[in-house]
Every structure is written in structure tokens, then in C-alpha cells.
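Just follow the structure's listing: the first ligand is 1, and inside any ligand the first atom is 1.
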Amino acid sequence: MDLTHPELRGVVDLDVDGPTISRHLYGHFAEHLGRCVYDGFWVGEDSPVANTAGLRDDVVAALRAIDIPNLRWPGGCFADEYHWRDGVGPREQRPTMVNSHWGDVVEDNSFGTHEFLQLCELLGAEPYVAGNVGSGTVFEMSEWVEYLTRAGDAPMSRLRTANGRSEPWRVKYFGVGNEPWGCGGRMSAQQYAGLATQYATYCRDHGDNELYRIAAGPHRDDYAWTETLMKTVAELGGRRLLHPAPWQAVSFHYYTLGGSPDKQGSATRFSTDDYHRTMVDAWRIEEIVAGHSRVMDAYDPDAEIGLVCDEWGTWWKVEDGTNPGFLFQQNALRDALVAGVHFDVFHANARRLVMANIAQTVNVLQAMVLTDGPDLVLTPTYHVFAMNAGHQDAVSHPVQVTADGGRHESGAGAYRTITTSVSSRDGAALVSLTNLDVDRPATVTLQLRGRRWSPGAATLLTAPTPQAHNTVEDPAAVAPVPFDGARQVGEALVVELPPHSFATVRLDLGD
Ligand code: AHR
């Protein structure tokens, strides 16, 4: 293999099904943080920005276009200081509070439970509500679940009806706290496991609404935390998994921080070495998902308990002149490539990994869209979500790599530069391909066996440099374009990828 021209070869059996890629791996996260909820989603009914009941029409339309499957809310760290009763009832009577985690600003609670659920309805997304363990009570959490999901004549359904909504909502995903090892209460794993069991017990299934309770898991590679949670379920069940378990999934968070020698550099002003450090850090998601999965496999070989990565993405220095507590950052082609790596890892681990939520959807960290007054900019990361939408609920077809000459090695670290994944759904397959190499093109050759296929539309996302990004003035500096670099050679799909690029190829499938 000519190492001056990076190349990856692999075999894919289109007639052999791997795990289904849950659409929830393309999930989202919106916190009361900076301009995510306020300004990002919520502008209020009287805003000159076009809105439906106070919710921005342009943001809703952009997210509907990428088939947003779920939205996690209200945090993050904010979840553990949020008291849901403050956010229901007439807006002018809602109490205010200090958002001590994020900018120390006063929160007026104008966006609360009803506004969030209405947003989910407009988006066509499932709500994922994160409850307060850090500073809330078991009773408060239990009543919130009742308020959200109980029909008929009961205290919380009466209150909901008085607040303008008689029908309960369907809420499946419910988080039991957030980062309890840090902002969510500085607890030990043992301490949290006990509390989570207690809180989750009182999150009842009302009527036919079945909750999927998600225990707050570790940071990065704290496998001992995951082990404590799994052991708790096993011990409750007398060394077998307890049925029903107090929670149905365990989450973890992983951020890509490696943008400069001091970790978090600028989103757009970075060196080539910074780029390499970022990619080394991005690839760590692979070992971290594998590590948590290994621990879970030991207690739960049938993968009854899901793994959820409910915060992931790049975390850079805030843009100059913005509030450091608002975490507002630009989003460059580099971020899109980080997303390409994450999705391939998520697809490969879809048996155990049931949900992932990018942090965060609008105006915070690795956002899909950035708003500026009435303007909206789609980020390069948005385009990866759009181009990959066909993987949602598709069957994965693992790529057996037979030769991989795509590798970078320098003082910044070593990483694989070519990654790909394949899935199929509704008579079509989708191939995603990422070339992280900054300077060199790459060739990917996949032997696609087991079914007849012919190449369909292909799309490319790249730009002259990895620093390229979109602004109000130049909204399409990084935008998908039709791609002519994919061809069929016998049984093989051969794709010539430009440097620092992401591409997708659709295949029409026969028998
Ligand atoms: O996404 C920003 C913050 O990062 C979240 O509030 C917290 O859970 C994590 O530390």
C-alpha cells in the first residue's frame, strides 16, 4: 500500500444485519445556558422574530429538516437547581431565580414545562426531561412526573389542567439528575447510586406512559462509576439484574477539548497541531464507549440496560467579547469532522448505545444553528447531521477493515484518519466517510457483498481549510455539494475523498 496516498479497504455484507442504529443517537440537548433556550429557541410571543407561541420558526424548521429525534432539557448543571413549579402557571407570576452555573444571570422562568413540551411537539421530537436530584426532593420529582404524564382526576393533573393543558403529555425519557459527581451534588458513586434508586422508584409509570429512567453516569472514562451503578442493579436483584430495574439506562458525558496545548483553544483560530490534538481527543470516544460497554456487559450480557451519551461535542474558548458563562463558540469544518468520527463510533456500538445528545443545539458549544437577532446560520456540524439522517433507525452493516493506511502520527499524538460506516433502510443504503487528513486525499474501497446495489446521490462537505466556518455574512462557506468522487468498480464502491472532508453516498439496493 502506498502510504503517501492514504487508503482504507474493507468488506461489507449488506445481507448481514448488525444492530439497528437508534434514531436517538442523533439526539439533542437544550439547557438554560447563555442563548440556547432564550434567544435560541424562545423569543416570546411579542418578538419581531417570526415565532409560533414564542418559539422561533426558523430554528424549528431547521431542526425538523434534520429529523431531530429528541431534545434533552432543562440541563445540564441547570437541571439540578431547577424547580419545575417555578416554570408553570401564568408567566407574569412565575418567580425568578439566579442561574448560578451559567453567567450568574437572573432566570425569569418564562420558558418552562408547557413551553418545552410545545417546542417538542413543533419539532416532532421526543422530550427527554432531566430531573433535579442535586437540590430537589424525591417528592418534587415524583410530582413533576405526575404533572407531565397523569390523566384523570389527580392533584397534578388538576394543576396542569388549571394551567391550560388537560391532556397529559407522553414523556418516555426521564433523567435522574445530571453529573452528580460534579455540579449535580459532588457525590461519590455509592452515594448517588443510593439516591438514584430512591428517586427513580418514585418516578411512577402513570397510565400507559412507561418511563425510561436514565441514571446520571460518569464523566469520560470513570468506569468505576458505571460499575457501581450496574452493581447496584445486580445487588437489588440478588446478583441478577433486578426486573424492573430502577433505571433503564446509564449515561456518560464526553467532550472533545483538545484544541491547544492548554486544552481549550479557539473554535476558528487554531494551528495544524491543534487540529491534530483535537482529532486525538475526538477518537477517545471509541475507547470510552467500549470501556463502559465492557463493564455493562459483565453485569448485563443481553444489553437490557442502555448506555446513553447525553452530552458530547467540542468545547472551545468562548468567542471574544461574549459572556464566559454563556459558552458561545463558532463552529468550523473541524467540528463537523469531529461529528463524523463520533457518529461512526456510535453506529459501531449501537447494540449498547441507545441515545446520544449533542451539546448543545443552539448557540452553545457545538451547536447546529447560531442565531444573531433575526438571522440564523447553519453550522458545518448541522450539515453532518443532515447528511447522516438516513442512518436513523437503519440497520448497521459493520465494515470489516482489511487494510488501513490512513494514520497521522506527530508530537500531537496518533490517530486514524479515515473512518466509514454503512447502514440500510427502506431499500437504500447510506455510506458515510470521513477523511481527517489535513493535506492528503484518501481512497476508500468497500467490497459490498450480499445484495445487488447501484450508486445513487453522493454529497460532499469540505472547504479550503478546516478553520472554515459559516457566518451571517457568509452562510455557505461550509455547505454540502453534490459529489462526483464515488464510483462502482465491479463489486466495489470506490470513493476518492478530498483532504479534511466528510461525504455520504446513497446506494439503491436490489436483492
Ligand atoms: O453542556 C454544558 C455543561 O457541561 C452541562 O451543563 C454539564 O452537564 C456539563 O458539565
Asks: What is the closest protein heavy atom to atom 8 (O) of ligand 1, and at what distance does it sit?
Replies: E311 OE2, 2.7 Å
Asks: Any idea which protein heavy atom is nearest atom 3 (C) of ligand 1, and the distance to it?
Replies: W102 CZ2, 3.6 Å
Asks: Check W312 against ligand 1 and report side chain, backbone, both or neither, counting heavy atoms closer than 4.0 Å.
Replies: neither
Asks: Give the numbers and elements of all ligand 1 atoms closer than 4.0 Å to a heavy atom of F29.
Replies: 1 (O)
Asks: Within the 4.0 Å heavy-atom shell around L365, which atoms of ligand 1 are there?
Replies: 1 (O), 2 (C)
Asks: Could you check whether the rings of W73 and F116 sit parallel, tilted or perpendicular, using 30° and 60° as the cut-offs?
Replies: parallel
Asks: If the cut-off is 4.0 Å to any non-hydrogen atom of C77, which atoms of ligand 1 fall inside it?
Replies: 5 (C), 6 (O), 7 (C), 8 (O)
Asks: Only heavy atoms of Q360, strictly under 4.0 Å: list the atoms of ligand 1 that pass.
Replies: 1 (O), 2 (C)
Asks: Does E146 have any salt bridge (charged side-chain N to carboxylate O under 4.0 Å, His left out) partners at least two apart in sequence or in another chain, and if so, which?
Replies: none
Asks: Does Y255 approach ligand 1 within less than 4.0 angstrom via side chain, backbone, both or neither, non-hydrogen atoms only?
Replies: side chain
Asks: Would you kindly specify which portion of E31 sits under 4.0 Å from ligand 1, judged on non-hydrogen atoms: side chain, backbone, both or neither?
Replies: side chain
Asks: Go through ligand 1 atom by atom and flag the ones less than 4.0 Å from a non-hydrogen atom of E179.
Replies: 7 (C), 8 (O), 9 (C), 10 (O)
Asks: Does E286 come within less than 4.0 Å of R416, counting only side-chain N to carboxylate O?
Replies: yes
Asks: Could you tell me whether D372 and R35 make a salt bridge, using a distance below 4.0 angstrom between a side-chain N and a carboxylate O?
Replies: no
Asks: Should R85 and E140 count as an ion pair when the cut-off is N to O under 4.0 Å?
Replies: no
Asks: With the threshold set at 4.0 Å, does a side-chain nitrogen-carboxylate oxygen contact exist between D108 and R91?
Replies: no
Asks: Does R294 come within less than 4.0 Å of E287, counting only side-chain N to carboxylate O?
Replies: no
